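All remarks here apply to the structure that follows.
The structure presented is a predicted model; accordingly, all values stated were derived computationally and were not measured.
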Amino acid sequence: MSSYPVGQFPAYRPRRLRQSPVLRRLVSETQLSASHLVLPLFVRSGRRVRRQISAMPGVFQLSLDEMLNEATRGFQAGVPAVLLFGIPDKKDTRASGAYAPKGIVQEAVRLLKHELPELFVITDVCLCEYMEHGHCGIVQKGKSGTNILNDPTLKLLARTAASHVEAGADMVAPSDMMDGRVRAIRERLDELGFTETPIMSYAAKFASAYYGPFREAAESAPKFGDRRSYQMDPGNASEALREVALDIQEGADIVMVKPALAYLDILYRVKSEFGYPTAAYAVSAEYSMVKAAGAKGWIDERAVTLESLLAMRRAGADILITYAATDAARWLCE
């Protein structure tokens, strides 16, 4: 039971404070606003390209011009930030497109900062979209099997992050789950003079079945095996806290829990334990399931979306990354 002093019925009637919308708002413990939202965008080459993601209604692979249009719509609705993912024209075993000076994310950053300078631009730092095998690190094949090499991958991740910041990114977000990548990125950015650029780390990223639609959107599905040797076991909560602690020690400014809804307990524990700015990523399957059920008329899409985002806020999230960001911002402003 709570240690708070509680009155007794009939002197104490909790329903008194629920009698009107104004009163409910006045005593609301958790607030949800557009200022908490981040819109993920998938960018590819071309012009006037809006390639529908079949499993994610309303989400597209976008050429630079269409990306600008989508970011503008979100920004005008009240969404203050975007998170960029790139789909390169070519892939290789060294993820060279990830850190190319004229790579797709780098070009997207330059365009957004030129056209929408007040929009906060975050870039996802990972290699899976750029690797021909779809894994998040350098692959070594041997007689005993295939191994994702941790330490050699760190150099490529640091190089990628630096290229994004050089292009004008406001913040970088490493999502690969290699050990030590936050330190490698922080050291590289500091060496280049970008000491004020923050890092939002995917600190507790679980090997989740909820990522399925994303892999179509980012064209990042592994060609062999899976990512369980580097993403977290869904059953491990204490390990998640250790991962977050390591990333904070290495220089993370914001820590993230991904996925969100199925891991609200982790989100709550991370915020309670560390008190750091904390992000929650409402991942692709969460979005797709709500869209599908809404289209069938089984649920109220708007109500369920906003309630889910409120749950993430209540659990401790300061930042909400969601594919429904533009719609949510509009709904919240109505």
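Atoms CD1 and OH, from Ile254 and Tyr202 in turn, are 12.0 Å apart once rounded to the nearest 0.5 Å. Atom CG of Leu39 and atom CG of Leu84 lie 9.5 Å apart (nearest 0.5 Å). Here SG of Cys128 is found 8.0 Å from NZ of Lys91. Values are rounded to the nearest 0.5 Å. One distance of note links NE2 of His135 with OG of Ser229; it measures 7.5 Å at 0.5 Å rounding. Taking CG from Leu261 and CG from Leu309, the interatomic distance works out to 8.0 Å, rounded to the nearest 0.5 Å. With values rounded to the nearest 0.5 angstrom, Tyr211 atom OH is found 11.5 Å from Ser220 atom OG.
A heavy-atom distance below 4.5 Å is found between the side chains of Pro21 and Arg24. Side-chain contact between Pro40 and Ile321 is present, with heavy atoms from C-beta onward closer than 4.5 Å. Within the 4.5 Å cutoff, side-chain heavy atoms of Ser238 are placed close to those of Arg269. Annotation: side chain of Glu219 is not in contact with side chain of Glu129 (no heavy-atom distance under 4.5 Å). No side-chain heavy atom of Leu62 sits under 4.5 Å from any side-chain heavy atom of Arg44. Counting heavy atoms from C-beta on, the side chains of Ser201 and Arg181 come closer than 4.5 Å. At least one side-chain heavy atom of Ser54 sits less than 4.5 Å from a side-chain heavy atom of Glu216. Looking at Arg186 and Glu250, their side chains never come closer than 4.5 Å, going by heavy atoms from C-beta outward.
Just one of Leu64, Asp89, Val109 meets the side chain to side chain contact (heavy atoms under 4.5 Å, CB included) condition when paired with Ile104; it is Leu64.
For Glu166, the salt bridge (Lys or Arg N to Asp or Glu O under 4.0 Å) test picks out no residue, with sequence neighbours left out.
A pairwise comparison of heavy atoms in Leu119 and Val79 identifies CD1-O, 4.1 Å as the closest pair. Closest approach of Lys223 to Glu132, counting heavy atoms only: NZ-O, 3.0 Å. Scanning all heavy atoms of the two residues, the minimum distance from Ala260 to Glu286 falls at N-OE2, 3.2 Å. Summarising the geometry of Leu332 relative to Ala34, their closest heavy-atom pair is CD1-N, 3.7 Å, with the distance given to 0.1 Å. Nearest heavy atom pair, residue Ala162 against residue Leu189, reads CA-CD2, 3.9 Å. The minimum heavy-atom distance linking Ala315 with Lys271 is given by the pair O-CB, 4.4 Å.
Ion pair Glu191/Arg188 flagged as a salt bridge, since at least one NZ, NE, NH1 or NH2 atom sits closer than 4.0 Å to an Asp/Glu carboxylate oxygen. Using a cut-off of 4.0 Å between Lys/Arg side-chain N and Asp/Glu carboxylate O, Arg48 and Glu66 are scored as not salt-bridged.
When the side chains of ILVMFWY residues are joined at heavy-atom separations under 4.5 Å, either directly or via intervening members, Leu41 and Tyr323 end up in two distinct hydrophobic clusters. Val49 and Val43 fall into different hydrophobic clusters, where Ile, Leu, Val, Met, Phe, Trp and Tyr residues are linked whenever their side-chain heavy atoms come under 4.5 Å apart, directly or through other members. By the criterion of side-chain heavy atoms lying less than 4.5 angstrom apart, applied directly or through intervening Ile, Leu, Val, Met, Phe, Trp or Tyr residues, Leu116 is grouped together with Met67 in one hydrophobic cluster. Hydrophobic clustering of Ile, Leu, Val, Met, Phe, Trp and Tyr side chains at less than 4.5 Å, counting indirect connections, unites Ile185 with Leu149. Linking Ile, Leu, Val, Met, Phe, Trp and Tyr whenever their side-chain heavy atoms come within less than 4.5 Å leaves Val182 and Val244 in two separate clusters.
Within a 6.0 Å sphere centred on CD of Glu118, heavy atoms belonging to other residues, nucleotides or ligands number 12 at most. Around CD of Glu29, the count of heavy atoms belonging to other residues, nucleotides or ligands within 6.0 Å does not exceed 12. Within a 6.0 Å sphere centred on CZ of Arg314, other residues, nucleotides and ligands contribute 12 heavy atoms or fewer. Heavy-atom contacts from other residues, nucleotides or ligands closer than 6.0 Å to CZ of Arg228 number 12 or fewer.
One N or O on the side chain of Thr153 and one on the backbone of Ile138 form a donor-acceptor pair closer than 3.5 Å. The backbone N or O of Ile148 sits nowhere less than 3.5 Å from a side-chain atom of Gln140 that would complete a donor-acceptor pair. Side chain of Thr160 to main chain of Val125: no donor-acceptor pair is present (N/O by atom type, distance under 3.5 Å, no hydrogens or angles). No donor-acceptor pair under 3.5 Å is formed between the side chain of Lys291 and the backbone N or O of Met56. Judged by distance alone, with hydrogens and angles left aside, the side-chain atoms of Gln61 form no donor-acceptor pair with the main-chain N or O of Ile87 at under 3.5 Å. Side chain of Tyr287 to main chain of Pro57: a donor-acceptor pair is present (N/O by atom type, distance under 3.5 Å, no hydrogens or angles). In this structure, the side chain of Asp318 engages the main chain of Thr278 through a donor-acceptor pair within 3.5 Å. Looking only at distances, a side-chain donor or acceptor of Gln106 sits under 3.5 Å from a matching main-chain atom of Ala100. Under the 3.5 Å distance criterion, the side-chain polar atoms of Ser284 are matched with a main-chain donor or acceptor of Tyr210. For Asp300 (side chain) and Ala303 (main-chain N/O), a donor-acceptor pair under 3.5 Å exists by modelled atom type.
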Exercise for the section: Would you check, one step at a time, whether the test side-chain contact (heavy atoms from CB on, under 4.5 Å) holds for Val290 with Ile299? Expected result: CA-CA 8 Å; Val290 171; Ile299 63 170; 4.0 Å; yes

Exercise for the section: Verify side-chain contact (heavy atoms from CB on, under 4.5 Å) between Arg16 and Leu23, making sure each step is shown before the conclusion. Expected result: CA-CA 9 Å; Arg16 289 188 189 120; Leu23 188 53; over 6 Å; no

Practice task
Start with the C-alpha gap between Phe274 and Leu241, add the side-chain angles, then the distance that decides, and say whether side-chain contact (heavy atoms from CB on, under 4.5 Å) holds.
Solution key: CA-CA 9 Å; Phe274 301 102; Leu241 299 183; 4.2 Å; yes

Exercise for the section: For the pair Phe42 and Arg51, evaluate side-chain contact (heavy atoms from CB on, under 4.5 Å) and give the outcome as yes or no after the intermediate values. Expected result: CA-CA 10 Å; Phe42 300 98; Arg51 185 173 297 177; over 6 Å; no

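For the residue pair Tyr230 and Asn150, no side-chain donor N or O sits within less than 3.5 Å of a side-chain acceptor on the partner.
Under a cutoff of 6.0 Å and an axis angle of 45°, Lys205 and Tyr281 do not form a cation-pi pair. Relative to the six-membered ring of Phe224, Lys141 meets both conditions, a distance below 6.0 Å and an angle of at most 45° to the axis.
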